[in-house]
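Just below is one structure, and these are the notes that go with it.
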Amino acid sequence: MTTSTLPPNAVRVYNTLSKQKEPFEPLTPGKVGIYLCGPTVYKEAHIGHMVGPVIFDAIKRYLVYCGYDVTWVVNITDVDDKLIDEARKRQLTMQQIAEENIADYVGNLQALGVDQIDVMPKATEHIGDIIDFISNLIEKGFAYDADGDVFFDVMRDPDYGKLSNRSADDQQGEGGGAAAKKRSPSDFALWKSAKPNEPSWDSPWGQGRPGWHIECSAMSHKILGETFDIHGGGLDLVFPHHENEVAQSECCHGKPMVKYWMHNGLMRAAAAGKVGGRTEREAQADDADTPAATKETKISRSKGAGGLAELIKRHGGERIRFFLLRTHYRSTIVFNDEGIEEAGTGLETFHRFFERYARVTGQDYYSLPANGRRSDGEFDPQSDALLGKVHAHRESFLAKMDDDFNTGAAVSELFELVRLLNRFMDRQKLEAAEYQDPHAMASLQRGVQTLRELSSILGLFQQAPDKPGGGDALTGKLMELMIALRAEARANKDYATSDRIRDGLRELGITIEDRKDGTGWRLE
RNA sequence: CGGUGGGUAGCUCAGUGGGUAAGAGCGCCGUAUUACAGGUACGGAGGACAGGGGUUCGAGCCCUCUCCCACCGACCA
């Protein structure tokens with residue numbers, strides 16, 4: 001067995017800062033720190049909020065798989081104008097609003113299989129760190145206190161604009177309001193003085209609360225250090241949020257804040273009915289009140305998007321995760337209900353395969369070991385025809401992941417792998433016990449192990465999907481009886497009766513499948 | 001207007017430091033397995049890669065111009 005060491009620079013990532021793909025080399029060999037901008041928890045999450053968490057969950061899994069020790073941080077903004085407004089509107093405290101929506105957010109993450117986050121710091125738990133950070137900036141002359149408000153002095157930072165490729169000079173802010181206190185219109189708030197009845201904290205500049213950007217600088221510094229490897233977020237955060245973060249952190253520490261900036265594409269809502277081939281389903285659309293957008297628009301809470309929890313309830317988290325992973329993280333994802341539905345159809349191919357595999361080998365796919373390392377998964381296909389192809393798909397899958405985490409392309413390798421394995425079972429007639437060749441069975445199992453390995457990198461098929469009831473013993477007995485009755489009818493060529501049984505069961509959501517080795521059934 | 005990301009099969013998306021035959025999923029048609037259906041496999045229809053120009057022996061991939069779409073444009077925009 002060869003334990004080949006993987007090339008150290010196999011992974012390449014697209015860096016927003018340089019606008020090109022760069023070889024991935026962590027600052028500290030073997031260790032990776034990732035900071036992802038999380039939600040402002042003033043309302044329930046929508047599907048757009050899951051793009052970053054899902055892709056970074058896969059990224060972390062992949063980096064761990066490649067042997068890195070990864071720390072992944074996702075922050076929670078729990079103090080902000082919007083939270084204050086919401087609290088006022090609903091006659092609750094800001095903290096109550098935050099707690100409610102954090103619960104929603106965490107529940108959504110869990111449903112989508114996002115379980116790789118190491119730390120979820122809240123802004124309100126780091127007020128001290130934030131104040132220290134601001135004090136430091138003032139001491140160094142990069143920020144100034146203006147009557148209880150503290151602003152960052154953009155003109156003192158010659159690098160300002162390097163991430164979003166804008167110069168402060170180009171950007172003329174509007175006059176009036178708080179702008180009157182600013183030295184330059186492009187200065188932004190680090191600390192906001194408290195207005196009456198607002199949540200506030202003591203500070204050297206009086207009662208107040210942190211500005212929008214400073215928490216990320218302070219918390220990433222506290223948890224990951226002055227310079228860390230990867231900072232992620234949505235494309236819409238490049239400016240001003242991340243631009244301001246870099247300015248704050250780099251002026252404060254005098255060194256680069258982040259080595260690789262990674263930004264995921266945004267999601268758009270699309271008109272319903274554009275996804276192909278739904279003529280059948282359209283006719284019998286059961287829960288037909290899909291919101292009919294007429295054109296594509298950005299999904300945002302300000303436009304009323306929400307209801308992710310409801311979407312998850314309707315489709316299940318795995319579908320949504322798969323839907324998100326099917327595209328490249330940097331491209332725009334067009335979202336509609338049919339798209340999720342279609343992703344689910346693709347997913348069923350895998351689920352059926354796992355059932356078939358269990359029938360043939362008696363092994364439960366979901367029990368196969370899944371938390372391997374890249375080097376563990378290496379194998380020598382020798383002269384085994386099947387394993388030679390499996391090996392090639394594995395190489396291809398990994399090459400695609402190495403190339404800026406191209407999960408969409410990697411998914412197509414998964415499909416090809418399944419087809420390969422299905423074909424093998426067909427040709428080797430593995431379904432019929434009397435033909436089962438031990439060598440072929442061993443090859444199949446080795447091939448499926450690789451499928452398990454690769455799909456786990458994407459966090460797919462971690463657990464058996466929830467079947468809507470029906471797993472109980474009584475149902476099993478009843479089905480045995482129905483199938484026996486139907487078999488009798490078929491033997492007598494009484495197809496009217498056998499079809500009546502099959503059609504009747506279908507209406508109950510049970511699909512009958514006649515196979516060589518007997519009749520099986522499955523709940524849809 | 002400035003910045004950013006896009007425009008590839010009916011639909012949703014891939015396309016690896018440019019190279020003989022353009023890929024996946026879904027949808028559609030057919031064949032095999034066969035009463036039929038479902039499943040699986042195989043095969044097929046369907047793309048001159050937004051448009052023009054350029055570099056190159058050779059470009060979907062590089063350069064340039066144009067058109068179209070989306071997002072961001074400093075936080076009482």
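Order of the sequence lines sets the chain letters (A, B, ...), proteins ahead of strands, with each chain counted from 1.
- Using a 4.0 Å heavy-atom distance criterion, A:Tyr495 is classed as a base contact.
- OP1 or OP2 of B:G38 has not a single side-chain nitrogen or oxygen of A:Arg502 nearer than 4.0 Å.
- Within the structure, a side-chain polar atom (N or O) of A:Asn406 is placed less than 4.0 Å from OP1 or OP2 of B:G15.
- Its glycosidic angle being more than 90° from 0, B:A41 falls on the anti side.
- When side chains are defined from C-beta on, A:Thr361 counts as touching A:Leu444, because their heavy atoms get closer than 4.5 Å.
- Across all strands shown, the partner of B:A24 is B:U12, judged by Watson-Crick or G-U wobble contacts whose two distances both fall under 3.5 Å.
- Using a 4.5 Å heavy-atom threshold, the side chains of A:Leu137 and A:Cys251 count as touching.
- Atom-to-atom, CD of A:Glu341 to C1' of B:C11 comes out at 14 Å; the value is rounded to the nearest Å.
- Contacts of A:Arg486 with the nucleic acid, taken as non-hydrogen atoms under 4.0 Å apart, include base atoms.
- No contact: A:Glu413 has no heavy atom under 4.0 Å from any strand.
- Each of A:Arg506 and A:Val418 has a nearest nucleotide on RNA chain B; the 5'-most of these lies closest to A:Arg506.
- With B:A35, B:A41, B:A14 as the candidates, the nucleotide lying closest to the side chain of A:Asp426 is B:A41.
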Note to self: For A:Tyr329 and A:Asp404: C-alpha separation, side-chain torsions, deciding distance, then whether side chain to side chain donor-acceptor pair (under 3.5 Å) applies.
What the structure shows: CA-CA 9 Å; A:Tyr329 76 89; A:Asp404 197 26; 2.8 Å; yes
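- For the P atom pair drawn from B:A32 and B:G38, the interatomic distance equals 15 Å after rounding to whole Å.
- Taking atom P in both B:G15 and B:G7, the straight-line distance is 10 Å, to the nearest Å.
- For the pair A:Glu342 CD and B:A14 P, the computed distance is 13 Å after rounding to whole Å.
- With distances taken from any side-chain atom of A:Thr511 to the nucleotides B:G38, B:G25, B:A74, the minimum falls on B:G38.
- Residue A:Ala399 is classed as having no contact, given no heavy-atom separation below 4.0 Å to the nucleic acid.
- If you check every strand for non-hydrogen atoms under 4.0 Å, A:His328 touches sugar and phosphate atoms only.
- Spacing of P atoms, B:C57 relative to B:C69, comes out at 38 Å, to the nearest Å.
- The phosphate of B:G73 has neither OP1 nor OP2 within less than 4.0 Å of any side-chain N or O from A:Ser186.
- Residues A:Tyr144 and A:Asp187 have side chains that bring a donor and an acceptor to within less than 3.5 angstrom of each other.
- Backbone-only engagement by A:Lys19 is indicated by non-hydrogen atom pairs under 4.0 Å involving sugar-phosphate atoms exclusively.
- Checking B:A14, B:U40, B:A35 against the side-chain heavy atoms of A:Arg356 singles out B:U40 as nearest.
- Spacing of P atoms, B:U16 relative to B:U8, comes out at 16 Å, to the nearest Å.
- Residue A:Ser331 places at least one side-chain N or O closer than 4.0 Å to OP1 or OP2 of B:A14.
- Across all strands, A:Leu237 comes closer than 4.0 Å to no nucleic acid atom at all (heavy-atom distances).
- A:Asn422 places its CG atom 19 Å from the P atom of B:U33, with the value rounded to the nearest Å.
- The residue A:Tyr14 sits close only to the backbone: its heavy atoms come under 4.0 Å of sugar-phosphate atoms, none of a base.
- When distances run from any side-chain atom of A:Ala409 to the nucleotides B:U12, B:A14, B:G39, the shortest one goes to B:A14.
- Taking the P atom of each, B:G6 and B:A14 are spaced 9 Å apart, rounded to whole Å.
- Rounded to a whole angstrom, the distance from the C1' atom of B:U12 to that of B:A74 is 36 Å.
- Across B:U40, B:G5, B:C72, the shortest atom-to-atom separation from the side chain of A:Leu235 is found for B:G5.
- Phosphate contact (OP1/OP2 of B:U4, side-chain N/O of A:Asn165, threshold under 4.0 Å): present.
- Looking only at distances, a side-chain donor or acceptor of A:Glu243 sits under 3.5 Å from a matching main-chain atom of A:Leu163.
- Spacing between B:U40 and B:G51 at atom C1', rounded to whole Å, works out to 44 Å.
- For A:Tyr42 (side chain) and A:Ile84 (main-chain N/O), no donor-acceptor pair under 3.5 Å exists by modelled atom type.
- To the nearest angstrom, P of B:G15 lies 7 Å from NZ of A:Lys21.
- Taking atom C1' on both B:A50 and B:G27, the two are 25 Å apart, rounded to the nearest angstrom.
- Judged by centroid separation below 5.5 Å and plane tilt below 30°, A:Phe239 does not stack onto the base of B:G73.
- Look at CD on A:Glu355: it is 13 Å from P on B:G39, rounded to the nearest Å.
- Going from atom CZ of A:Arg326 over to atom P of B:C26 covers 9 Å, rounded to whole Å.
- For A:Arg427, taking side-chain heavy atoms from C-beta onward, the closest of the listed nucleotides B:C71, B:A24, B:A41 is B:A41.
- In the set B:U16, B:A24, B:C76, the nucleotide with an atom closest to the side chain of A:Glu416 is B:A24.
- A:Asp503 comes within 4.0 angstrom of nothing in the nucleic acid, heavy atoms only.
- Across all strands shown, A:Ser498 has heavy atoms under 4.0 Å from base atoms, whether or not it also approaches the sugar-phosphate.
- Looking at heavy atoms from C-beta onward, A:Phe142 lies out of side-chain contact with A:Gln248 at the 4.5 angstrom threshold.
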Note to self: Between A:His263 and A:His242, is the side chain to side chain donor-acceptor pair (under 3.5 Å) condition met? List the steps.
What the structure shows: CA-CA 10 Å; A:His263 289 97; A:His242 291 165; 2.7 Å; yes
